[in-house]
Amino acid sequence: MTIEAQHSGTDDVHGVEWWSLPPDDVLAQAKTEGSRGLTAAEAERRLAEAGPNALQSAPPPSVWRIALSQVLELMTLMLIAVTIVSLLIGQVTTAIIVAILVLFNVVTGTQQEVKARRSVDALAKLQTPKARVIRDGALIQIEATGLVPGDIVELESGDLVPADGRILRSANLETQEASLTGESLPIPKGPAENTADTALADRTSMVFQNTSVTRGTARIAVVETGMRTQMGRIASLLTQVGDKKSPLQLELDGLTKVLGIIAWSAVLVIVVIGFVRGQSLDELLFLATAVAISAIPTGLPVFVQSLLAWGASKLAKERAIVASLNDVETLGATSAICSDKTGTLTLNKMTVRTAWFGGNSYRVTGEGYSFDGKVLGTSDEPLDAPTLGLAVSLPNDATVSAEGEVVGDPTEAALVVLGARLGIDADQARKDYPRLAEVPFDSDYKFMATLQRIPVRGVQRLVLLVKGAPDVVLGRCASMLGESREVEPLAAGSATAELERMSATGLRTLAIAARFLDDADEGTVAADPMAWVSELVLIGIVGIVDPLRPEAKAAVDIAHRAGIDVRMITGDHAVTAGAIGAELGLGAGAVSGADLKQMNDEELLRRLPELHVFGRVTPDDKLRLVGLLQSEGAIVAMTGDAVNDAAAIKQANIGVAMGSGSEVTKQAAKLVLTDDNFATLVHAVELGRIVYSKITAYLRFQMTQLLSLIMLFLAASAFSIAEGVALFPAQVLFINFFVALFAVIAIAADANPPGIMNHPPRDPRIGVVNRVSLVEWLVYGAVIFLIALVPLVWGPDVPSPVEPTASMTMAYVVLGLATVLSALLMRRTPESGLLPPIAAVAKILVWPVVLIVASTELGLFQRMLGTVSLTGWQWLQCLGLTLVLLVVVEGDKWLRRRRIANRAAVSPAVASTGVH
């Protein structure tokens, strides 16, 4: 099934388009009465039929089931097999060390899985606990979980809507639906029906569960409850989106399978050789165990986990919290970011950005709800107009504290702040100039008016102040205030042109007007203020926007430089979103959700490169866009802070939630930005790239060691060296785990590669195993094999599979020292591993050298590992053999740097393609 087919259905999947029905028809369809509601008996019957008004979640897997899945991993099964065989042949020390590795891997993996996000459970916690419902003609308060379709519910300002409902009647009703639709402004609502094809965000006759009432009152008929609400549909989407493995997990899974084949093939070959020679079963099992331990990358899960944990710790210090260690690496592969707008790229604080007074345009400085800022003209002279400040401050009900806390409508808050920047304290002004009458805002007539006596040029005058939709207010204006603040004929053309200019840049517009009523009787006007809202004097027009976060544009620029495609996906209007996108520099191409639904998958994929802004989209649209990008091979990061983002966030390779966002979004996400800073995401991508570069350095190191050991055991078997036992199993484990532990710490502590955000993201389809890396692993591994083989063939004594010998000990020392040197040389490529900064790495690598000496010279280690003390001359021979590795590795990297430089001289674009 195509992604389009999965997500292209209508927003209502239950058959009845409630928003398009008149209130009487809604009551008839719902089989209820608007004045009396349901009877208690009928409500009980419907509750049994429809179930509680709560969101359901699938039971999480048990800890034991998770642990079992970890045990069944291929690497773990191979290690368990080695443990069992080691016990059977009496290699207790080997069995204990391998068993500890198995236990560590299983416990670590289980802990990560137990942290799996409980998105639907978080949605359920959002359920409103109480609701005022009419039953048997009486208004009662019940648990919201007891609501059923057909219930009649009363709402007022400050309420959370308890279920999806059709409005039967309302007064000045507005709801905040940013959590569901992404629309940043409150939505005027009313009982008038919408057309059948009206998009979710435009259904003004409906209210939706867990959105909030910001103004007015309403009576609604509950039409959907529980999982059938819009919130319930999001819960369903979340349960349908499965967890996905990171690109690195997929690559390491594939690498593990390949290594398993190589390891057991080597075991089989060596055992067959031993069988042909006539070795006993015990000898063959001992030999097979030694080879298996050498060939299986026993430390791979542990060391990769350590590197990822290091990355997670670094991210946490940068205020980015990852849900799983594997997500650290996925960040580095990010090739596309789909970002929500409201609260993510923007401040979610409505702000007046421009104003038109007296025929002149002014720009407004300052951010958000801070009172700091000014109203500046073309010559950057501050506008000193206290009367204008009163005109924008008084006809609204919002309050804004000095700390920026808002109570009331965000748009009105923007006007309060504008008044403060014009020198007016709105709270004090309301006390000084109390309202004598008012016309409350209503979506039918789209304006608000207040009657007050205010000072105008030092004279107290009776003034009716009006704010509202520009088309409505302009239609009621007969004149305007000119540049000299005198009343003059209305320049309707200039006002309309200014409106069009503001709207074209994505600004929301409001008109401010007044009527001066010096000759009117105050009591007459106060008795019917609506009758006097005519022959108004236009004072001005303001342009309002939810402004960009200050750091957002710079972050987008860095992402583009790093080859990451950034798109904005929002529930806001396409024009507004397009203007924000242009300011961000996202690129051309804005499309609405309605247009999106008209495109099939093929057409949308074809147009995606030219589309960077998506407005008025639904949760289904977001999910579809993320899925389509993934189908093209993109590693997608989806950011958001609202419930309507949750499904797409879970679908994305890296779902990113803001710390101040909804709990459900944070639970669905793989990364939470505790500072709500979009720039932190871009920095997290940089850290992800750094982690990946260190992982590839570790794999270069690990695979070189592993291949050298396989070659060594194959050669020992082929040439009958110590009956095929080149090293004791305990010696191999000691090097692979304890010595290599310091090597991986050194790789993690290495300085970050420069310019890592100046080249495109890696292609996850190429993977860590490719032609270049394979050649590198084989060449370096062959060198280590040869230098370790020398003491086994030409050593001071004959190596034995039973007794410790100097020759086998020298081979062990050479391998140990080569392991330490490999960490130093292979931590970066093609740059030299000997160049500074090197001090921090060198300090770490001193300790494994100490371990190698101690394991050779101390009696306790000698008994555990099967080593003997070496003479000074033998130590010098080991050091000399190890230096061969330095010459080969550094010589190879020098040649590669020369080739890159030569290619760059021909094509400069090649200069940035070196692998770190």
Side-chain angles (χ1 to χ4, degrees), residues 155-160 170-178 183-190 207 211-218 348-352 355 368-371 387-454 463-470 472-473 508-515 525-526 529-530 532-533 536 539-540 542 544 546:
L155 297 174
E156 63 184 25
S157 180
D159 285 347
L160 285 178
S170 66
N172 307 322
L173 181 66
E174 289 185 358
T175 62
Q176 173 58 266
E177 296 181 352
E183 169 63 69
S184 53
L185 289 173
I187 311 297
K189 297 281 187 171
V207 290
T211 60
S212 58
V213 179
T214 59
R215 185 204 295 267
T217 60
N348 198 19
K349 297 177 179 179
M350 302 309 294
T351 304
V352 176
Y369 297 133
S370 167
F371 292 156
T387 303
L388 294 179
L390 290 173
V392 299
S393 300
L394 292 175
N396 65 64
D397 300 312
T399 61
V400 183
S401 70
E403 294 75 28
E405 295 179 358
V406 172
V407 177
D409 184 88
T411 301
E412 293 192 341
L415 294 180
V416 169
V417 172
L418 175 62
R421 291 169 183 171
L422 286 168
I424 298 298
D425 181 331
D427 290 340
Q428 188 60 46
R430 289 169 187 151
K431 294 175 183 176
D432 294 340
Y433 314 113
R435 293 178 187 175
L436 305 174
E438 69 176 295
V439 178
F441 179 86
D442 191 280
S443 57
D444 289 338
Y445 46 79
K446 297 181 180 179
F447 63 78
M448 175 183 185
T450 60
L451 181 66
Q452 278 137 320
R453 288 192 178 275
I454 63 173
V463 182
L464 188 67
L465 297 171
V466 180
K467 80 163 192 312
V472 173
V473 174
R508 317 270 182 152
T509 54
L510 275 180
I512 311 296
R515 183 170 180 180
V525 178
M530 175 67 89
W532 296 82
V533 186
L536 302 176
I539 293 175
V542 296
I544 302 173
D546 181 7

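- Residues V542 and T509 are not in side-chain contact: their nearest non-hydrogen atoms beyond the backbone lie 4.5 Å or more apart.
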Exercise for review: Verify side-chain contact (heavy atoms from CB on, under 4.5 Å) between L510 and I544, making sure each step is shown before the conclusion.
Suggested key: CA-CA 8 Å; L510 275 180; I544 302 173; 4.0 Å; yes

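- Summarising the geometry, atom CG belonging to L390 is positioned 6.0 Å from atom OH belonging to Y433; distances are rounded to the nearest 0.5 Å.
- The closest side-chain heavy-atom distance from L464 to T450 is not below 4.5 Å.
- Checking side-chain atoms of D546 against main-chain N and O of M350 turns up no donor-acceptor pair under 3.5 Å.
- Ion pair R435/D397 flagged as a salt bridge, since at least one NZ, NE, NH1 or NH2 atom sits closer than 4.0 Å to an Asp/Glu carboxylate oxygen.
- S212 approaches L160 most closely through the heavy-atom pair CB-CD2, 3.8 Å.
- Atoms CD1 and NZ, from I539 and K467 in turn, are 13.0 Å apart once rounded to the nearest 0.5 Å.
- The heavy-atom pair separating A398 from V416 by the smallest distance is O-CG2, 3.7 Å.
- Contact of the I424 side chain with the S393 side chain is registered, since non-hydrogen atoms from C-beta on lie closer than 4.5 Å.
- In this structure, the side chain of Q452 does not engage the main chain of P434 through any donor-acceptor pair within 3.5 Å.
- Taking every heavy atom of both residues into account, T175 and E177 meet most closely at OG1-OE2, 3.3 Å.
- Contact of the V472 side chain with the Y445 side chain is not registered, since no non-hydrogen atoms from C-beta on lie closer than 4.5 Å.
- Taken to the nearest 0.5 Å, the CG atom of L155 stands 9.0 Å off from the OG1 atom of T217.
- The closest side-chain heavy-atom distance from E174 to I187 is not below 4.5 Å.
- Side chain of R430 to backbone of N396: a donor-acceptor contact under 3.5 angstrom is found.
- Between the CG atom of L173 and the NZ atom of K189 there is a distance of 8.0 Å, given to the nearest 0.5 Å.
- Using a 4.5 Å heavy-atom threshold, the side chains of V466 and I512 count as separate.
- Scanning all heavy atoms of the two residues, the minimum distance from P395 to A391 falls at CD-O, 3.1 Å.
- Of all the heavy atoms in V406 and A413, the pair that sits closest is CG1-CB, 3.7 Å.
- For the pair A513 and V473, the tightest heavy-atom approach, listed with the atom from each and the gap, is CB-CG1, 3.7 Å.
- You'll find the side chain of Y369 stays beyond 4.5 Å of the side chain of T351, heavy atoms only.
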Exercise for review: Go through V400 and F371 one step at a time and tell me if the side-chain contact (heavy atoms from CB on, under 4.5 Å) criterion holds.
Suggested key: CA-CA 9 Å; V400 183; F371 292 156; 4.0 Å; yes

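- Between D432 and R453, every side-chain heavy-atom pair lies at or beyond the 4.5 Å cut-off.
- Atoms CZ and CE, on F447 and M530 in that order, are 4.0 Å from each other to the nearest 0.5 Å.
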